[in-house]
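Report on the following structure.
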Amino acid sequence: MLYSPHTLYKKQERPVELDKFGKPIPLYEKYEWVEICACRCDDDTTQRLVSDNGQEYSSRYHVVYDRSSAVVEGDEIRCVCADGSVRGQGVVGMVKSTNYLNYSELWT
């Protein structure tokens, strides 16, 4: 993508770590934010989306990024600006990827 001012993060569960006796070490935070790639996050509160089964819902953010399989429907994502502020955050409602151009779109 030519214009990608934000960074896309995906929330993932941390793996269980074991001590030398094979017992799990308690984690203070069960989840971590993993950086996926550069993206563009646009405010999308005016658009209404209709799914294949006819269910209608509105999205808050429209995100465009280069990779095609890093994020799936139901993942929790976050788009962060260069200064560290959060541009948009939410649960992915719909993912679309293109055949000819190597980018994907998602709506939260």
Side-chain angles (χ1 to χ4, degrees):
M1 273 179 38
L2 297 175
Y3 181 67
S4 51
H6 308 110
T7 305
L8 179 64
Y9 289 90
K10 177 180 168 182
K11 191 175 189 179
Q12 282 187 337
E13 189 172 326
R14 288 187 174 185
V16 176
E17 297 179 15
L18 304 176
D19 62 5
K20 63 181 180 180
F21 301 111
K23 296 181 180 179
I25 298 172
L27 299 173
Y28 294 106
E29 293 185 19
K30 192 172 182 173
Y31 298 99
E32 64 182 346
W33 290 98
V34 178
E35 183 177 340
I36 302 295
C37 61
C39 69
R40 183 185 79 230
C41 180
D42 300 321
D43 186 17
D44 194 35
T45 56
T46 60
Q47 185 175 3
R48 301 201 66 61
L49 302 170
V50 179
S51 65
D52 292 337
N53 62 0
Q55 184 180 9
E56 184 177 328
Y57 61 94
S58 61
S59 65
R60 291 182 298 174
Y61 296 102
H62 174 228
V63 181
V64 180
Y65 62 101
D66 281 331
R67 298 188 183 167
S68 60
S69 63
V71 180
V72 296
E73 188 174 324
D75 286 344
E76 188 171 346
I77 62 157
R78 174 186 287 178
C79 295
V80 178
C81 295
D83 63 356
S85 62
V86 176
R87 168 76 171 125
Q89 181 175 349
V91 176
V92 176
M94 184 185 312
V95 179
K96 289 188 178 179
S97 53
T98 61
N99 293 332
Y100 182 68
L101 302 172
N102 190 20
Y103 70 89
S104 296
E105 298 177 297
L106 57 92
W107 288 267
T108 63

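As the structure is a computational prediction, the values presented were derived from the model and not from experiment.
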> So does Glu17 have more than 12 non-hydrogen atoms from other groups sitting under 6.0 Å from CD?
Replying inline: no
> Under 4.5 Å between any side-chain heavy atoms of Tyr61 and Gln89, yes or no?
Replying inline: no
> Between Arg87 and Asp43, does a side chain to side chain contact (heavy atoms under 4.5 Å, CB included) hold up when you go through it step by step?
Replying inline: CA-CA 9 Å; Arg87 168 76 171 125; Asp43 186 17; 4.2 Å; yes
> Taking all non-hydrogen atoms of both residues, which atom of Asp75 and which atom of Val72 are closest, and how far apart?
Replying inline: OD2-N, 3.0 Å
>> For the CD1 atom of Ile77 and the SG atom of Cys41, what is their distance to the nearest 0.5 Å?
In response: 7.0 Å
> Measuring from Glu32:CD to Gln12:CD, what's the distance to the nearest 0.5 Å?
Replying inline: 6.5 Å
>> Going by side-chain contact (heavy atoms from CB on, under 4.5 Å), Cys79 matches just one of Leu8, Val86, Thr7. Which one?
In response: Leu8
> Mind checking whether Ser104 and Val71 have side chains closer than 4.5 Å, heavy atoms only?
Replying inline: no
> Hey, any chance Val80 and Trp33 share a hydrophobic cluster, counting ILVMFWY side chains that come within less than 4.5 Å of each other, even indirectly?
Replying inline: yes
> Measuring from Ser85:OG to His6:NE2, what's the distance to the nearest 0.5 Å?
Replying inline: 8.0 Å
> Does Met94 reach the side chain of Glu105, with side-chain heavy atoms less than 4.5 Å apart?
Replying inline: no
> Does NZ in Lys96 sit with more than 12 non-hydrogen atoms of other residues, nucleotides or ligands closer than 6.0 Å?
Replying inline: no
> Is it true that Tyr9 and Ile36 fall in one hydrophobic cluster, defined by side-chain heavy atoms closer than 4.5 Å?
Replying inline: no
>> Quick check on the hydrophobic clustering: are Val92 and Tyr65 connected, directly or via other members, by side-chain heavy-atom contacts under 4.5 Å?
In response: yes
>> Using modelled atom types and a 3.5 Å cut-off, is there a donor and acceptor pairing between side-chain atoms of Arg60 and backbone atoms of Gly90?
In response: no
>> Rounded to the nearest 0.5 Å, what separates atom CG in Asp66 from atom CZ in Arg40?
In response: 10.5 Å
